[in-house]
Enquirer: 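Have a look at the structure that comes next, please.
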Amino acid sequence: MPSSNHNPIILPQVSGPIGVFDSGYGGLTILRELRALMPQYDYLYLGDNARAPYGTRSFDIVYRYTLQAVTTLFERGCHLVILACNTASAKALRTIQQNDLPQLDPTRRVLGVIRPTAEVVGNITKSRHVGILATTGTILSRSYDLEIQKLYPDIAVTGQDCPMWVPLVENFEFDSPGADYFVELRINQLLKRDPDIDTIILACTHYPLLLPKIRHYSPADVTIISQGVYVAQSLNAYLANHADMAQRITKNGTLRCLTTENPNKFCATANRFLGHEVKAENIVLS
Ligand code: DGL
């Protein structure tokens with residue numbers, strides 16, 4: 001795996017917000033649940049909208065972009081960063097945890113969204129056949145297969161990539177008739193490959209925006225798992241067990257957003273996703 005080329009950097013030691021990172025708008029579906037369960041904390045959201053989608057990019061590129069984002073959030077005072085992106089969690093999390101954190105600051109933490117989602121599936125599926133809908137990168141990484149198999153060896157996992165779904169969301173087309181075609185196509189492909197699937201994980205943080213259509217084209221007895229609520233519960237439990245980390249997070253209930261795209265465009269879209277006004281500023285990642 002590639003390793004960091006970053007020069008040694010001096011990170012601020014004072015407490016700061018929880019960093020939440022995604023390639024674009026999808027991480028807002030995680031952020032919404034984090035703030036619903038833990039409204040006391042401050043949050044700093046970073047969307048790399050200018051370079052989204054990540055789902056079709058190579059391992060090296062996703063790793064490099066994600067490390068840039070994590071380093072930026074650390075520099076802005078975050079001691080804890082959530083990769084609210086399955087693609088980044090699948091392709092970059094382990095390398096960052098093992099290779100980069102020890103150099104950057106071993107006391108900081110970067111957590112992903114795959115493990116907390118894999119943990120809940122064993123209690124939900126009855127047929128023990130689970131489907132994964134995700135970006136091409138997440139499916140090719142086989143991260144969900146491996147995590148679920150480690151925890152529940154009796155579960156059969158079938159992955160289906162949905163290459164057009166993130167662009168539909170990023171371009172605000174998730175409610176359009178065009179979205180119906182692509183949603184129906186991928187659900188049918190998944191269920192054709194394993195008709196015994198009774199549980200589908202939305203393994204991309206953009207996909208909850210397509211939930212009404214996904215629900216519409218899935219059989220009524222199939223459970224659809226939207227991961228935000230489980231990621232929030234898992235982080236809540238983590239912070240309850242790690243008082244040292246909880247103390248390093250500021251608690252004024254604020255949200256600030258950074259985007260690599262136009263902040264006005266980001267705010268307009270984020271307002272609609274979150275249902276309230278947000279402030280955003282532009283940032284260049286390097
Ligand atoms: N939200 C990201 C995920 O969960 C989307 C990836 C992309 O940018 O393609 O995988």
Side-chain angles (χ1 to χ4, degrees), residues 19-34 45-70 73 81-94 96 110-118 131-147 159-174 179 182-183 186 200-211 214 224-232 234-235 257-261 265-266 269-270 273-274 285:
V20 180
F21 168 67
D22 182 44
S23 61
Y25 297 115
L28 297 172
T29 63
I30 302 286
L31 177 72
R32 196 172 48 203
E33 301 299 338
L34 297 179
Y45 184 88
L46 170 51
D48 191 6
N49 303 80
R51 300 189 294 197
Y54 280 13
T56 45
R57 294 188 187 275
S58 66
F59 261 86
D60 290 6
I61 295 292
V62 173
Y63 162 70
R64 178 146 56 87
Y65 288 179
T66 304
L67 181 59
Q68 289 170 353
V70 167
L73 289 166
V81 171
I82 309 301
L83 300 186
C85 175
N86 291 270
T87 310
S89 299
K91 292 185 162 190
L93 178 63
R94 185 143 307 168
I96 289 176
V110 182
L111 304 175
V113 290
I114 295 177
R115 175 78 188 201
T117 312
I132 311 292
L133 297 172
T135 65
T136 306
T138 299
I139 294 298
L140 288 178
S141 76
R142 300 187 63 80
S143 300
Y144 272 92
D145 312 46
L146 297 171
E147 283 297 338
Q160 174 64 55
D161 65 339
C162 312
M164 282 304 291
W165 289 16
V166 169
L168 284 168
V169 172
E170 283 291 308
N171 293 290
F172 233 85
E173 293 284 343
F174 53 87
F182 289 106
V183 169
R186 299 305 176 195
I200 293 177
I201 298 178
L202 303 187
C204 172
T205 56
H206 282 69
Y207 295 177
L209 276 305
L210 290 159
L211 187 55
I214 295 168
I224 314 279
I225 298 183
S226 198
Q227 63 192 158
V229 69
Y230 302 111
V231 173
S234 170
L235 184 63
C257 297
L258 306 170
T259 175
T260 53
E261 248 290 348
K265 185 179 168 211
F266 181 91
T269 307
F273 281 7
L274 293 174
L285 296 180

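Note that these values count all heavy atoms, side chains included, but never hydrogens, waters or copies made by symmetry. Numbering of ligands and ligand atoms starts at 1, following listing order.
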Enquirer: Using a 4.0 Å cut-off on heavy atoms, what residues surround ligand 1? Order them by chain and number.
Expert: Asp22, Ser23, Pro53, Tyr54, Gly55, Cys85, Asn86, Thr87, Thr135, Val166, Cys204, Thr205, His206
Enquirer: Suppose we screen for ring-ring contact (aromatic ring centres under 6.0 Å, His included). Which residues come up paired with Phe273, at least two apart in sequence or across chains?
Expert: Tyr25, Phe172, Phe174
Enquirer: For the atom pair CD1 (Ile139) and SG (Cys204), what is the distance rounded to the nearest 0.5 Å?
Expert: 10.0 Å
Enquirer: With Thr259, which residues qualify under side chain to side chain donor-acceptor pair (under 3.5 Å), at least two apart?
Expert: Asn49
Enquirer: Using the six-membered ring of Tyr65, assess whether NZ or CZ of Arg51 lies under 6.0 Å from its centre and within 45 degrees of the ring axis.
Expert: yes
Enquirer: Could you list the residues that satisfy ring-ring contact (aromatic ring centres under 6.0 Å, His included) with Phe182, not counting sequence neighbours?
Expert: none
Enquirer: Side chains of Gln227 and Asn86: any donor to acceptor distance under 3.5 Å?
Expert: yes
